[in-house]
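Contents: one structure, followed by commentary.
Reminder, nothing fancy here: chain letters follow the sequence lines and each chain counts from 1.
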There are 2 protein chains.
Amino acid sequence: MARPPAARTKVLDAYISLLCEEGERAATLEAAATRAGVSKGGLLYHFASKEALAAGVIESTEEHVQLDLDRMHEAAEGASVYYVQTSAEVDTELDRHLVAVQRLAQAGVGSAAAMLEDVHARWLQLILDEVGDPAIAHLVILIGEGLYAHLAMPGSWYQSNFEGRLKELLELVPQLKKLKELNE
Amino acid sequence: MARPPAARTKVLDAYISLLCEEGERAATLEAAATRAGVSKGGLLYHFASKEALAAGVIESTEEHVQLDLDRMHEAAEGASVYYVQTSAEVDTELDRHLVAVQRLAQAGVGSAAAMLEDVHARWLQLILDEVGDPAIAHLVILIGEGLYAHLAMPGSWYQSNFEGRLKELLELVPQLKKLKELNE
DNA sequence: GTAACTATACCAACCGGACGGTATAGTTAC
DNA sequence: GTAACTATACCGTCCGGTTGGTATAGTTAC
């Protein structure tokens, strides 16, 4: 191997950015190549098809997810709080990847949808391990999902209405565990 | 004047179905026309452009949203519970419309994104009127959003994991109001 | 009352552009 | 000399939109 495949990484990153910022429809092969500063031929040298590109995104995402799950497992603040907090983070590499995968899933890429299901299942398991009760775990997952949906949506409604309230929200999350007792 | 424009309604319904079931990319003019049992030309007679079709969906959605907000305002079980419950309903006309608008928003249709922001703001206001505390209202909105995100996602993970747990969840929602006191 | 005309509600065929993908010939860095 | 590209040209397909036409029902003029 002579030179390291610099283009491969750049193309993947550009494609993810396009998916996040412009949507799946705008994320064409040529647009990805241009944004990556690579020729279309160069892109297709590394990713033989658009499907292969999507697979590349998913593969790269899986690595980030695995790291996140490890951190979540060992988080001092608990899995639930960690999960909600990271769901609200916009600028991490993991979130960029997950938004991209979400876009792919909604565009009909089956493996992307499957991956999201799998990730959700793994998140749920860790939260369930912490909080014990399935209904509470359900609640926590939904809150994270809700935050996530806002991030994945174009527009700034979330920013202007919930900004700064995140800290307050995170303080409420550990209290959710008490709900079950309260309910009985 | 003469015949009623039967095609118009059928086309709108077909386009919404396509957006929900197959995604924005598959929701082409020809696909919508075919599903509506109309020629492409016939479709374009009623909706001069794809943009006009989207506008038709949004307009139709606005009517359903208005009805829902009225019902939410007068719901005996309270705005929060009503909101979460209806967020989990898959088969209503309103949800079909909202999923369609969401798909449009993520495909870059600005007016669709604007509408969703507006609807969220109105939902939040009603919930805030009920629960008083902004952080709790925040929480409720996010739970509904989370449910909604699952519905809008292809795949059946939600069905197999959360099915039947909705009742339990809905019982927890009114308890959320107590969180604030608990926290102090 | 009927012929001429208008408006509505479509359909079928086509056009231009974009996009995914192929092919090929040449270039650069190690 | 080989992996990692660039550059360009091209093909088939699909998609949004245009055009030209048809059928039907109501409206007007006489």
For this session: Take the protein atom CG of Leu53(B) and the nucleotide atom C1' of dC15(D), then report the distance between them rounded to whole Å.
Result: 14 Å
Exercise. Can a side chain N or O of Tyr45(A) be found less than 4.0 Å away from OP1 or OP2 on dA4(D)?
Worked result: yes
Problem set entry | With sequence neighbours excluded, residues passing side-chain contact (heavy atoms from CB on, under 4.5 Å) with Ser80(B) | Ile127(B), Glu130(B), Val131(B), Val140(B), Val173(B)
Seminar exercise, completed: Sequence neighbours excluded, the answer for side chain to side chain donor-acceptor pair (under 3.5 Å) partners of Thr92(A) is Asp95(A)
Problem set entry | side-chain contact (heavy atoms from CB on, under 4.5 Å) against Leu18(B), all qualifying residues, sequence neighbours excluded | Glu22(B), Ala27(B), Ala31(B), Ala32(B), Arg35(B)
Problem set entry | Distance, rounded to the nearest Å, where Lys10(A) contributes NZ and dT6(D) contributes C1' | 12 Å
Problem set entry | For His120(A), side chain to side chain donor-acceptor pair (under 3.5 Å) partners two or more places apart | Glu145(A)
Exercise. Between Phe47(A) (CZ) and dT22(C) (P), how many Å, whole number?
Worked result: 16 Å
Problem set entry | Phosphate OP1/OP2 of dA9(C) contacted by His46(B) side-chain N/O (<4.0 Å) | no
Exercise. Applying salt bridge (charged side-chain N to carboxylate O under 4.0 Å, His left out), which residue pairs with at least one partner in residues 59-72 of chain B are found, sequence neighbours left out?
Worked result: Glu62(B)-Arg122(B)
Exercise. Just how far is it from atom CG of Leu172(B) to atom CG of Asp133(A), taken to the nearest 0.5 Å?
Worked result: 7.5 Å
Problem set entry | Set of residues satisfying side chain to side chain donor-acceptor pair (under 3.5 Å) with respect to His97(B), sequence neighbours excluded | Ser60(B)
Problem set entry | Any residue meeting side chain to side chain donor-acceptor pair (under 3.5 Å) with Ser17(B), in chain and number order, not counting sequence neighbours | Arg96(B)
For this session: Would you write the dot-bracket representation of DNA chain D, where each base gets (, ), [, ], | or . depending on whether it forms a Watson-Crick or G-U pair under 3.5 Å and with which partner?
Result: ||||||||||||||||||||||||||||||
Problem set entry | Proximal nucleotide (of dT22(C), dT18(D), dT6(D)) relative to the Leu44(A) side chain | dT22(C)
Exercise. How long is the line joining CG of Leu43(A) and C1' of dT8(D), in whole Å?
Worked result: 16 Å
Nucleotides 14-19 of chain C: which of its N/O atoms have a protein N/O under 3.5 Å away?
none

